[in-house]
Amino acid sequence: MASFNPTKIANKQKRQSQYLKVKRQKENEKRDERFKRKRHEDKNPQLREQRRAQNVPATIDSKRTWDETESADEDDGQLGRSVNILDPKRRKIERESTTELNVADEEEIDESEVQAVGPIDGEAEDDDRDSMLDSDSDDDDESDPSMKVHDPPDRLPSEAPSTATDLTVRPEVLKARFPGLFEPSDKEPKVLVTTSINSTLHDEAQLLTTLFPNSVYIRRTAHFHSYKYSVREICQYASAPERGFTHVVVLNEDEKRPKGIDIVPLPQGPMFHFSISNWIPGKRLPGHGNPTDHIPELILNGFRTPLGVVTAHLFKGLFPARPEILGRQVVTLHNQRDYIFLRRHRYVFRDKRQSEKSIQGTDGKPMKGVEDIRAGLQELGPRFTMKLRRVDKGIQRASGQEWEWKAHDEKVRTRFNL
């Protein structure tokens with residue numbers, strides 16, 4: 001008997017009803033198969049683990065490719081190289097090589113000192129005992145148990161998956177190339193926010209002053225006969241010691257919408273050019289909250305390459321290093337496929353309701369110690385997405401003349417720059 005094909009029915013209504021009947025039958029078969037598989041996996045959990053191990057979705061992130069580097073390329077510190085400098089194996093090899101060099105240098109120094117100094121006389125020991133750090137006082141402190149300094153207990157590693165950027169990784173090549181970004185400074189960040197010439201984004205620029213702590217918005221004049229100050233002249237004005245600005249942020253527009261943002265670390269640059277998309281102010285977000293003047297915490301995720309680490313240190317310099325935990329505000333900069341998603345939330349820890357599930361780890365099992373705790377988030381805004389387009393060398397009169405790195409060179413979809 002020939003198979004029945006519902007698409008060959010001439011009547012449209014009968015053809016539609018027959019098609020829905022066949023579709024409903026296939027859905028029922030899939031549901032029965034799913035429940036049958038669940039019953040078998042409940043009896044034998046290993047079957048579920050094997051199925052999850054085999055059914056790993058193939059995404060662009062999982063197919064990410066890295067550049068093959070040599071020692072000469074690593075010494076150059078090229079920003080265009082897609083190299084994971086935060087790889088634990090890579091850092092372990094670098095740490096072992098540095099320790100071997102330090103041990104060899106110490107041995108050479110010890111041998112030279114022994115040959116030059118010779119035997120130690122008793123007078124040297126008396127001179128050492130005459131100092132304020134006497135050996136008797138050290139012995140007394142060690143004998144007193146109340147004066148001992150106990151080391152803090154070792155914390156167990158978190159079970160939650162993390163893609164946070166380790167800002168302690170500071171390659172020497174990048175430190176020498178961008179000293180203003182990597183060298184620690186006791187100066188509090190102070191940001192000057194402005195717009196492009198003849199801009200209408202005054203409300204959006206004023207909104208950025210609530211995002212960056214200790215920031216001031218200064219309008220650029222739109223008068224026809226007024227002098228049009230360039231970004232280089234604005235940076236010279238802001239970097240004066242009596243004003244004390246550390247960064248200049250320029251908001252660019254296109255068709256009366258935010259289209260780009262330029263960030264300049266003072267006084268020498270470099271100048272970072274980002275494009276902006278999907279700008280949504282906080283008042284348009286459903287269930288949004290109102291931000292306060294507290295200094296937020298900063299989360300940087302997904303910055304791995306040399307260019308990514310430089311970009312992460314740029315954003316780190318915009319926020320003070322002493323967040324006010326009382327405000328419970330956090331700013332997240334999440335990098336994924338070279339797109340930087342900026343979000344600002346207020347968080348709260350509360351008890352878990354009976355209808356909610358416990359927090360699960362990467363293995364799908366509840367995490368220990370937080371079974372009865374849940375975290376609530378309320379977005380404050382603004383929300384937008386950035387993409388790095390160019391890094392200029394210094395602060396130029398006409399942007400784009402000399403650049404450290406420029407986009408649009410990628411030819412492979414699975415190769416990312418950050």
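The shown structure was predicted, so the numbers you read here are calculated from the model rather than taken from an experiment.
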Looking at [X] and [Y], would you say the former's side chain and the latter's main chain have a donor-acceptor pair under 3.5 Å?
X: Arg344; Y: Gly381; value: yes
X: Arg243; Y: Tyr237; value: yes
X: Arg337; Y: Arg413; value: no
X: Asp338; Y: Asn417; value: yes
X: Ser82; Y: Phe416; value: yes
X: Ser215; Y: Thr209; value: yes
X: Gln206; Y: Glu204; value: no
X: Arg220; Y: Thr195; value: yes
X: Asp67; Y: Val83; value: no
X: Asn301; Y: His334; value: no

**Asked** Picking from Val309, Ile263, Val264, Val391, what satisfies side chain to side chain contact (heavy atoms under 4.5 Å, CB included) with Leu314?
**Response** Ile263

To the nearest 0.5 Å, what is the distance between [atom1] on [X] and [atom2] on [Y]?
X: Leu251; Y: Ile261; atom1: CG; atom2: CD1; result: 6.0 Å
X: Phe319; Y: Asn214; atom1: CZ; atom2: CG; result: 12.5 Å
X: Lys316; Y: Phe303; atom1: NZ; atom2: CZ; result: 13.5 Å
X: Thr332; Y: Ile299; atom1: OG1; atom2: CD1; result: 4.0 Å
X: Leu79; Y: Lys406; atom1: CG; atom2: NZ; result: 14.5 Å
X: Met386; Y: Asn278; atom1: CE; atom2: CG; result: 12.5 Å

Suppose we screen for side-chain hydrogen bond (donor to acceptor under 3.5 Å, both in side chains). Which residues come up paired with [X], at least two apart in sequence or across chains?
X: Ser62; answer: Thr59
X: Asp42; answer: Arg48
X: Tyr19; answer: none
X: Arg24; answer: none

Taking all atoms of both residues into account, what is the closest heavy-atom pair of [X] and [Y], and its distance?
X: Ile373; Y: Gly369; answer: CD1-O, 4.4 Å
X: Pro323; Y: Pro296; answer: CB-O, 3.5 Å
X: Pro382; Y: Leu207; answer: CB-CD2, 3.7 Å
X: Tyr227; Y: Glu233; answer: OH-OE2, 2.8 Å
X: Pro267; Y: Ile395; answer: O-CD1, 3.7 Å
X: Pro366; Y: Ser358; answer: CB-CB, 4.2 Å

**Item:** Residues in side-chain contact (heavy atoms from CB on, under 4.5 Å) contact with Tyr347, at least two apart in sequence or another chain
**Value:** Glu297, Ile325, Arg328, Val330, Phe349, Leu377

**Residues forming a side-chain contact (heavy atoms from CB on, under 4.5 Å) with Arg31, sequence neighbours excluded** = Asn28, Arg34, Phe35

Among all residues two or more places apart in sequence or in another chain, which pass the ring pair (Phe, Tyr, Trp, His ring centres under 6.0 Å) test with [X]?
X: Tyr217; answer: none
X: His345; answer: none
X: Tyr339; answer: none

**Message:** Can you list everything that forms a salt bridge (charged side-chain N to carboxylate O under 4.0 Å, His left out) with Arg383? Sequence neighbours excluded, please.
**Reply:** Glu379

**Partners meeting salt bridge (charged side-chain N to carboxylate O under 4.0 Å, His left out) with Arg39 (sequence neighbours left out)** = none

**Item:** Check against side-chain contact (heavy atoms from CB on, under 4.5 Å), Asn335 and Thr311
**Value:** CA-CA 10 Å; Asn335 171 50; Thr311 308; over 6 Å; no

Is it the case that more than 12 heavy atoms not belonging to [X] sit under 6.0 Å from its [atom1] atom?
X: Lys38; atom1: NZ; result: no
X: Lys352; atom1: NZ; result: yes
X: Gln46; atom1: CD; result: no
X: Glu33; atom1: CD; result: no
X: Glu188; atom1: CD; result: yes

**Asked** Is the ring centre of Phe315 less than 6.0 Å from the ring centre of Phe274?
**Response** yes

**Asked** So which of Lys36, Arg52, Arg51 actually passes salt bridge (charged side-chain N to carboxylate O under 4.0 Å, His left out) with Glu41?
**Response** Arg51

**Request:** Start with the C-alpha distance between Thr292 and His294, add both sets of side-chain angles, then the distance that settles side-chain hydrogen bond (donor to acceptor under 3.5 Å, both in side chains), and finish with yes or no.
**Result:** CA-CA 6 Å; Thr292 58; His294 296 88; 2.8 Å; yes

Just so I know, are the side chains of [X] and [Y] near enough to count as touching, which here means a heavy-atom distance under 4.5 Å?
X: Val248; Y: Leu266; value: yes
X: Leu418; Y: Ile340; value: yes
X: Thr194; Y: Tyr229; value: no

**Request:** Return each pair, listed once, that meets side-chain hydrogen bond (donor to acceptor under 3.5 Å, both in side chains) where at least one residue sits in residues 244-266; pairs must be two or more places apart or across chains.
**Result:** Ser199-Glu253, Thr200-Glu253, Asn252-Asp262, Asp262-His273

**Message:** I'd like to know whether Lys228 forms a side-chain contact (heavy atoms from CB on, under 4.5 Å) with Asn198, so could you lay out the CA-CA distance, the side-chain angles of the two residues, the decisive distance to 0.1 Å, and finally the verdict.
**Reply:** CA-CA 10 Å; Lys228 309 297 183 182; Asn198 301 331; 3.7 Å; yes

**Phe384 and Trp279 aromatic ring geometry - parallel, tilted or perpendicular at 30°/60° bounds** = parallel

**Request:** In sequence, state the C-alpha distance, the side-chain angles, and the governing distance for Arg177 and Val310, and then conclude on side-chain contact (heavy atoms from CB on, under 4.5 Å).
**Result:** CA-CA 10 Å; Arg177 195 169 178 180; Val310 171; over 6 Å; no

